[in-house]
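Working notes, structure below.
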Amino acid sequence: MNAMTEGYVTPDGRQIGPVLMEMKNITLRFGGVVAIKDISFDIREGEIRAIIGPNGAGKSSMLNVISGFYVPSEGEVWFRGQKRGPMKPYEVARLGIARTFQNIALFDGMSVLDNIMTGRLTMMKSGLLSQALWFGSAEREENENRAKVEKIIDFLEIQNIRKTPVGRLPYGLKKRVELARALAAEPKILLLDEPMAGMNVEEKEDMCRFILDVNDEFGTTIALIEHDMGVVMDLSDRVVVMDYGKKIGDGTPDEVRNNPDVINAYLGVAHE
Amino acid sequence: MADATATEAAPRSIPALLARNVARYGNRPAYREKEFGIWQSWTWAEAEQEIRALALGMLSLGVERGDYVAIIGRNRPAHYWAMVAAQMCGAIPVPLYQDAVADEMAYVLENCGARFVVCGDQEQVDKVVEVEDRIHHIQHVMYTDKRGMRKYDHSRMNALSDVQAEGRAGHFRYEAELDRRIAELDYDSTCVMLYTSGTTGKPKGVVLSNRNIIETAKNSCTFDHLGPDEDVLAYLPMAWVGDFIFSIGQAMWAGFTVNCPESPATMMTDLREIGPTYFFAPPRIFETMLTNVMIRMEDAGDLKYALFKHFMEFAKTTGEQYGMPRYRTQRSRPTLRRRLRWAYRFAMGVGFAVETIVENAVRGFFVRLRHPIEARKYFKARGPLLNLYPQPWRDYFSYRTGEVLIYAPLKNTLGLSRIRVAYTAGEAIGPEIFDFYRSLGINLKQLYGQTEASVFITQQPDGQVRPDTVGVPSPGVEVKIGENGEVYYRSPGTFVEYFKNPESTASTKDPEGWVATGDAGFFEPGTGHLRIIDRAKDVGKMVDGRLFAPKYVENKLKFYPNILEAVVFGGRRDRCTAFINIDLTAVGNWAERNNIAYASYQELAGHPKVYEMIGNEVAEVNRSLAQDPMLSGCQIHRFLILHKELDADDGEMTRTRKVRRNVIETKYADLIAALYDGRDSIYTETEVTYEDGRKGKITATLRLADAVVAPEQRMAAE
């Protein structure tokens, strides 16, 4: 797994491409608190990259750095061969980065369909007036975007709740809707913050299948944070392990599983 | 049929029917499917193009005459097309239940020797791949949905759309061959093979010929005057004979539109969007729909609830008369007249409501002014309204008002607004449920049929519908009652044979073509309607020779929401008795509302008030049984409420929740004895199996209660 080589082939035969995003010596401070301390790793095209670690390890902060929501105090983020400066949220979206949230952030009163349509906001160019009058490009644009959204609805098998207000849905489905909204933005890289938290076994299995299918069907690169070790080990191609803001392991699931530092972080160290 | 087709030769196969429909209805919609949120539709001409391309593609894959093509998937136009395309190639389509597990699938695939399989999606493909190494004759797998299929080995696997593309590309090479194969099909060649569900033993392949399917479709379309303007929703399993008859047989014969839902989960929404005119559903679906309505009405506002209650009560007596759409006497009617009739009815409804209020207010005011004392008396006696019209008028107008306010919106919510003919079959439907739909003006009817008969044995004609009969023999069907009360039939739809199973064929179908249904029944004197009582092997005789039909009585009991299960005894005895299982949810709910405290199922079951309530219900059943000269002997004289629920884990029921009579008779022999020796209570111990397999014992002292028996009307002949 040399960083110099251009891509690799996973055990199940998927070709992983060149580096898509690279974190170089990221440090993130909130006042005196150091959330992330000098972390470097890369995400390759077409890869499923997991970030794991005990509570408070700085995983979510890391994801926020990747998504551009936090600007690192030190270090650089390189995206598709370019150094990335501070950005506005819509700029992030236009770059092709989409995310889901640990605590679901959907519009409760709006239907599933409308929620997913918001994911395509950056693709719509017609102005307020023509939208309101349903005139000119507005109609065509709406139809095109709706068609894309319907493909995603079909893909995630949520046809039956298309018109249901999100507030009435159970938790597992809300998570799926959130994934749908992120997918609607047609992202290059999809950031999932604990996509399986609080789900039962069946919902987890469904979600796993969808994540793999997304990766397979759209070729989307996925970076995910997850606590369920079984899921992480099955899904991901490479894993970054964090503890107290430091990177303590990086590699394939097998390498990580046998890494003594990781075992210590999760199970504790025997004091002598 | 007095059509303009007298000059055409009658089509003698499904592909020939398709060609006829293209010529006759070319631009009318043949198939619709909701995909990506929109109803996509195909006209007959377009559908024929698709089917032909698919057939050509199948030829290029090497489908031979007499091959079996298995089709596994949910209702989608592509799967119906695959069936017809297989027929075009001279092959025989075999639809399979898509929820079958791989092992069950393996048996059927092996039994029919399928060389080609059409799968709906990855899930079905996986099952086929799983059994493929056991069954070596599968040559090629086709699939409809491409999702997740990229990584599979495609040397013996193709997407259906790719097969079509190949067919279109090889158009010149195979066209002549395809036409030759289509021309070879005749009335007696096999149309389809359908497997029975196999509740008793291994599933059997029922071979149905073109004659079976087309004759049946023709007769049943004539019976209900089905024309090309019908819409059906295809949502029942494709492997079931009913779906084949409705969505292929009748649809092809009458030329109507088959609508496929987006996914099984969206069935109800799609039903509402399509608003079928011809609909079939098993009783379970009607029950669920009714329950949903009731639950939602409980949550509705007071005014709405009051209106609903008032008008539903009113419709019970008047719906049959004023609610039904005018029954058709010919195939179709111009739409404009139907629209005008609807507008007229609607206007009547609104008009009457306004009229009544205004007239009553104005006249009432003057009446009260002029004769205050008399008016008060009058209104006290007859209600607040003046009742200006004679009763039948008032009923008609009130029903129209109800239609505007309640019935029409409710039917619209259920997706049943446009229903002209709806059928239910399969098992007994609760009379309450049946009457609910009929009182709304939905022409819900019952039919009796089975796979071996290509569905139709008896049907209820328009205007002669009752919940307790299954109707008169369908056109072309002869029905007779055997010595032991068993129902036999003979019809053009009678199946050819069981596949590779001459013994079963011989034992079911005699040389003259009579087929035993396995059900016992009788023709009602006077009306000529058939009534099914029970499975023939369960029907017995009582000591004095009267008929004993336990399941018939049990079903009557089970229609009460408080009664979950009932087991009736009385074969070779002088009177009937019953075990009752209460429904914990329903009775528990009732107990809560009536401040009855209970700690366990056992305590609730033994509560005197519960006994009283169940006793009343048993008495009601007795009253209705007494009116039936054939079955009056089955009245329940004594009953007890069991201290535990009958359970499949204890072997008392099958996994499909059918009561195992023999097991119960031996296990509870002491209780049965007590029911007959006149004791008031009995102490009993019962062994139970917990879900983890451990065994335990529960003990109880059960009360035995007498039920009110109604005076019998015995048949003069007996």
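Proteins get letters first, then strands, A, B, ... in listed order; numbering begins at 1 in each.
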*Taking atom CD of A:E202 as the centre, report whether more than 12 heavy atoms of other residues, nucleotides or ligands fall under 6.0 Å from it.*
no
_For A:R168, I'd like to know if atom CZ has over 12 heavy atoms of other residues, nucleotides or ligands within 6.0 Å._
no
_If I measure from the heavy atoms of chain A, does B:S263 come under 4.5 Å with its side chain, its backbone, both, or neither?_
side chain
*Step through the shown structure and confirm whether more than 12 heavy atoms of other residues, nucleotides or ligands are within 6.0 Å of CZ on B:R284.*
no
*Heavy-atom closest pair, residues A:N160 and B:T266*: CA-CG2, 3.2 Å
*First locate atom NZ of A:K163, then atom OG1 of B:T269, and finally report the distance between them rounded to the nearest 0.5 Å.*
9.0 Å
*asked:* At a 4.5 Å cut-off on heavy atoms, which part of A:D213 comes close to chain B: side chain, backbone, both, or neither?
replied: side chain
*Mind checking the CG-CG spacing from A:D154 to B:D145? Nearest 0.5 Å is all I need.*
7.0 Å
*Inspect the contact between A:R162 and B:E262 and indicate whether a charged nitrogen and a carboxylate oxygen are less than 4.0 angstrom apart.*
yes
*What is the distance from atom CD of A:Q159 to atom CG of B:D270, rounded to the nearest 0.5 Å?*
9.5 Å
*Give a yes or no on whether B:D299 atom CG has more than 12 heavy-atom contacts from other residues, nucleotides or ligands under 6.0 Å away.*
yes
*asked:* When you measure from the side chain of B:R147 to the backbone of A:E217, do you find a donor-acceptor pair of N or O atoms at a distance under 3.5 Å?
replied: no
